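Here the structure comes first, spelled out in structure tokens, and everything after it is commentary.
The basis for the numbers below is simple: all heavy atoms, side chains too, and nothing from hydrogens, waters or symmetry mates. These numbers come from a predicted model, not from an experiment.
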Amino acid sequence: MSGSGEASGLGAHAGRGAGAGPLLLGVRHHGPGSARAVRAALDAARPRVVLIEGPPEADALIPLAAEEDMRPPVALLAHAVDEPGRSAFWPLAEFSPEWVAIRWALEHEVPARFIDLPATHTLAWGRDEAGEGPADRPDAPAAEAPDTSEPEAPDDRSEDGTEDPAAGDAAPGDGPAVHDAVRVDPLGVLAEAAGYDDPERWWEDVVEHRRAGQGDVFEPFTVLEEAMEVLRETYGTGGHDRDLVREAYMRLQVRAAQREFGDDVAVVCGAWHVPALRRRSTVAADKALLKGLPKVKADMTWVPWTYRRLSRRSGYGAGIDSPGWYGHLFGAPDRPVERWLTKVAGLLRAEDRIVSSAHVIEAVRLAETLAAMRGRPLPGLSETTDAVRAVMCEGSDVPLALVHDRLVVGDILGEVPQAAPAVPLQRDLDRIQRRLRLKPEALEREVELDLRKENDAGRSRLLHRLRLLGVEWGEPAASRGSTGTFRETWRLRWEPELSVRVAEAGVWGTTVLAAATAKAESDAVSASGLADVTALAERCLLAELPDALPTVMRILADRAALDADVGHLAQALPALVRSLRYGDVRGTDTGALTEVAAGLAERVFVGLPPACAALDAEAAEEMRRHVDAVHTAVGLLVEVAAPGQGGGDDAPAPAHRGLRGRWQAVLKVLSLRDSVPGVIRGRAVRLLLDDGELAQDEAARLMGLVLSPGTEPGDAAAWIEGFVGGGSGGGMLLVHDERLLGLVDAWLTGVSAEAFTDVLPLLRRTFSAYEPGVRRTLGELVRRGPGQRGSAAGAGSGIPGFGAGLDGERANAVLPVVRLLLGLDDEHDHHEDDDEHVSQEHDLAHADDNDLAGVAG
């Protein structure tokens, strides 16, 4: 490219003669060797301006890189103003040559400018090509790695980043022609020409292991430019118009800088672009390529990035395998191998593995020996990994995987200063995060929240509100320590793309509360079914959105009144009752929700018996699950409606007192109606038995009727599945009531051979859901046969499985614990007379199992 003005020292430094033009520093994006070389070249050349491959809209953001609280990895985020979800990223790490160039310019008070195609065109171009994926282009390989010069497309597909020599892990030959392979990995061709089978190893040997200050600091760029020039002359550009357009725009920007600063211009860009920027081209020709480009209005800012994202080949990643290792190479002042293996030893010690200084010394020796045997100038990542596996991990890949995850890839999350532009919603989120001391982190961690504590309750509200907005920072997890509704467990990990989700959610409001409220109201209006509205009501209570709840409740009541499908009603009721329980924990007024839930329950009671008639096997199983859910919901509804809802402080409202009784009446109808499938009839009997509304003798009679020879084996098996299946504790029932087990055993042994093959899969499914210990006990009982004494369930029993009479001594042994649970061991109880004390013990001793179960609940 022709320069303006006289020849400068830059051309001479680059090994070119007078009039050579600007200093073109072709780099590998995210390459620590390239970053060191760029810094050395800039120190030697001292240009008056530094031009960097990147979106020009970010020029105003460059000064923020000098802020004390700006810590890479970070990324430039561009998003369309009218469509925040359409976005693009330009990631930068501390070892990225572009970041080094920015920092050098700021430290030396030299202007720095971005010269790539503006984001306003990049985002619009991506929108126009949203329907085009790599598979739609015959010249596009199956996997292309995006880099800093080519941001990830707004529709989450990889863009063409092949100008970057760093995007080089796809093997040459993956594409349909040789030029496709070069488009994926120019380094692969160069490495193959040098006799290497691994491009990464070749790059490490010729660049990464070459320390800055050794020889001519411009030589690496001169050699790399010549190599890329030969590759482009041999294989062409692959016919991608976007590369030609981008390079035309960059040439125009370089010309503008030359007019302002002369030839004292340094350009840091992907090595693949250098021959195109050096090529002579007219201004008119370049402008012609840029004519008519689509545009959108775009905003830009800095956002935190992570090493883990840098390591990904698709999505928002940059396609490098070992960012943690690269960061170490760039930051280590000397002896990088020794420092790396010391870091590995520290990690393994923190995980309680025995690693001594002798292990480190031996690992260093082994790594150096392997490098010498493989003809490498210094140990690379493969040699250090092999040494760690052999010496520190004793040949195991399990601790080695930890080393790879924590160190080779790394879990560092960058930080951006508060002065960086951000949407108002992001500002409010940052403020809440600081107030709640809930810092975003790249490493996944679990957080236990106690909702009785104000700070933990605030954290819960924030995480639930963000989930409503589609910002999936936290994911609910099962609590290991407690099952109480006052405790929540969250699994947290901050991913860079969540910044885009926050920008998208900004259309709903300027604060997290306002945005979540508006989003909940909109979701309620657009909800497709009753279950969706009830789930939304539950989420509104969890997120504590009092302003959204009236709208949701109004729509819920309207949908419930119009929906005649019992399945939909039964599916919606449990979510409503859960909402009541969670609302009670958070101190939320749920009176309106209670009334809606009670009305919904009444409609289920009326419509369930006719809805259970004439169902096929699949529909019957689904309805059986609805019956279970309604049974649980009714019990919870009666409990949560009790305090402060009716005549007394602890009494349910009159409308709710009879819910349990009316539900049990429905179960009795289901248990006796022949048109109801067996799986539902069996489950109804079982639920009545558990509630104490059905005597065991009556349950045995009903089972005997079902298992009589007049009943089809398939129907009988379905009844058994409903009675003792579905994970409802039926196994323990059979263990402790051998009369029922004997009925099942006698029926099964009497089934004909033809019918046995039909009922066996259903029975296997039923019994396979039991715990291993329960199955083992049942097997032992069946092996001993009916009437055998000393069964597994009750040794020395008169009746199999039961004692011959009440054992008063064993019953009295549990009284101290029960009295403690009931709070009867207070000072007042110790002064009661003996007769009353004996009477209490007698009553407790004769309490049936269901009463004690209610106490425990």
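For Glu472, the side chain to side chain donor-acceptor pair (under 3.5 Å) partners are Arg467, not counting sequence neighbours. Remark: Asp430 pairs with Gln426 by the side chain to side chain donor-acceptor pair (under 3.5 Å) rule, at least two apart or across chains. Residues satisfying the ring-ring contact (aromatic ring centres under 6.0 Å, His included) test with Trp104, not counting sequence neighbours, are His108.
Leu23 has its side chain within reach of Phe218: a pair of non-hydrogen atoms, C-beta onward, lies under 4.5 Å apart. Contact annotation: the side chain of Leu466 approaches that of Leu429 to within less than 4.5 Å [non-hydrogen atoms, C-beta and beyond]. Taking the side chain as every heavy atom from C-beta outward, Glu495 and Arg493 approach each other to under 4.5 Å. Between Ile102 and Ile52, some side-chain heavy-atom pair lies under the 4.5 Å cut-off. Here the side chains of Pro73 and Leu92 are not in contact, with every heavy-atom distance at 4.5 Å or above. Taking 4.5 Å as the limit, some side-chain heavy atom of Pro22 sits within range of a side-chain heavy atom of Gln258. Contact of the Arg255 side chain with the Arg251 side chain is registered, since non-hydrogen atoms from C-beta on lie closer than 4.5 Å. Between Leu492 and Glu444, every side-chain heavy-atom pair lies at or beyond the 4.5 Å cut-off.
A donor-acceptor pair is defined here as one N or O able to donate and one able to accept, closer than 3.5 Å; such a pair exists between the side chain of Arg232 and the backbone of Trp272. Panel note: side chain Ser322, backbone Val408; no donor-acceptor pair is recorded below 3.5 Å. Under the 3.5 Å distance criterion, the side-chain polar atoms of His273 are left unmatched by any main-chain donor or acceptor of Glu247. A donor-acceptor pair under 3.5 Å links the side-chain atoms of Thr122 to the main chain of Pro118, judged by distance alone. Side-chain N or O atoms of Trp302 include one that pairs as donor or acceptor with a backbone N or O of Leu61 at under 3.5 Å. A donor-acceptor contact shorter than 3.5 Å is absent between the side chain of Arg28 and the backbone of Ser34.
A distance of 5.0 Å separates CH2 of Trp99 from CE of Met70, quoted to the nearest 0.5 Å. Between Ser96 atom OG and His29 atom NE2 the span is 9.5 Å, to the nearest 0.5 Å. Rounded to the nearest 0.5 Å, atoms CG (Leu277) and CG (Leu24) are 6.0 Å apart.
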side-chain contact (heavy atoms from CB on, under 4.5 Å) evaluation trace for Tyr326 with Glu94: CA-CA 10 Å; Tyr326 278 4; Glu94 62 180 342; over 6 Å; no

Worked check of salt bridge (charged side-chain N to carboxylate O under 4.0 Å, His left out) between Glu415 and Lys439: CA-CA 11 Å; Glu415 297 181 15; Lys439 184 179 180 181; 3.5 Å; yes

Worked verdict on Asp299 versus Leu77 for side-chain contact (heavy atoms from CB on, under 4.5 Å): CA-CA 8 Å; Asp299 276 347; Leu77 164 63; over 6 Å; no

Verdict with reasoning, Val500 to Phe89, per side-chain contact (heavy atoms from CB on, under 4.5 Å): CA-CA 10 Å; Val500 179; Phe89 292 93; 3.2 Å; yes

Worked verdict on Thr517 versus Leu513 for side-chain contact (heavy atoms from CB on, under 4.5 Å): CA-CA 6 Å; Thr517 299; Leu513 175 59; 4.0 Å; yes

Steps toward salt bridge (charged side-chain N to carboxylate O under 4.0 Å, His left out) verdict (Asp523, Lys519): CA-CA 6 Å; Asp523 289 348; Lys519 182 66 162 55; 3.0 Å; yes

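Summarising the geometry of Arg308 relative to Gly410, their closest heavy-atom pair is NH2-O, 3.7 Å, with the distance given to 0.1 Å. For the residue pair Val38 and Pro97, the shortest heavy atom distance occurs at CG2-CB, 4.0 Å. The shortest heavy-atom contact between Leu425 and Val502 is CD2-O, 3.5 Å. Thr510 and Asp428 get closest at one heavy-atom pair: O-CB, 3.9 Å. Annotation for Leu469 and Val512: closest pair CD1-O, 4.2 Å, computed over non-hydrogen atoms. Contact record, Ala80 with Leu123: N-CD1, 3.6 Å, taken as the closest heavy-atom pair.
Taking the charged nitrogens against the carboxylate oxygens, Asp116 and Arg246 do have a contact shorter than 4.0 Å, which makes a salt bridge. A salt bridge is defined here as a Lys NZ or Arg NE, NH1 or NH2 lying under 4.0 Å from an Asp or Glu carboxylate O, and Asp59 with Arg113 fails to meet this definition. Between Arg46 and Glu109 there is no salt bridge, since no side-chain N of the basic residue sits under 4.0 Å from a carboxylate O of the acidic one.
Checked against the 6.0 Å centroid threshold, Phe114 and Trp90 do not count as a close aromatic pair.
By the 30° and 60° cut-offs, the orientation of the rings of Tyr307 relative to Phe95 is tilted.
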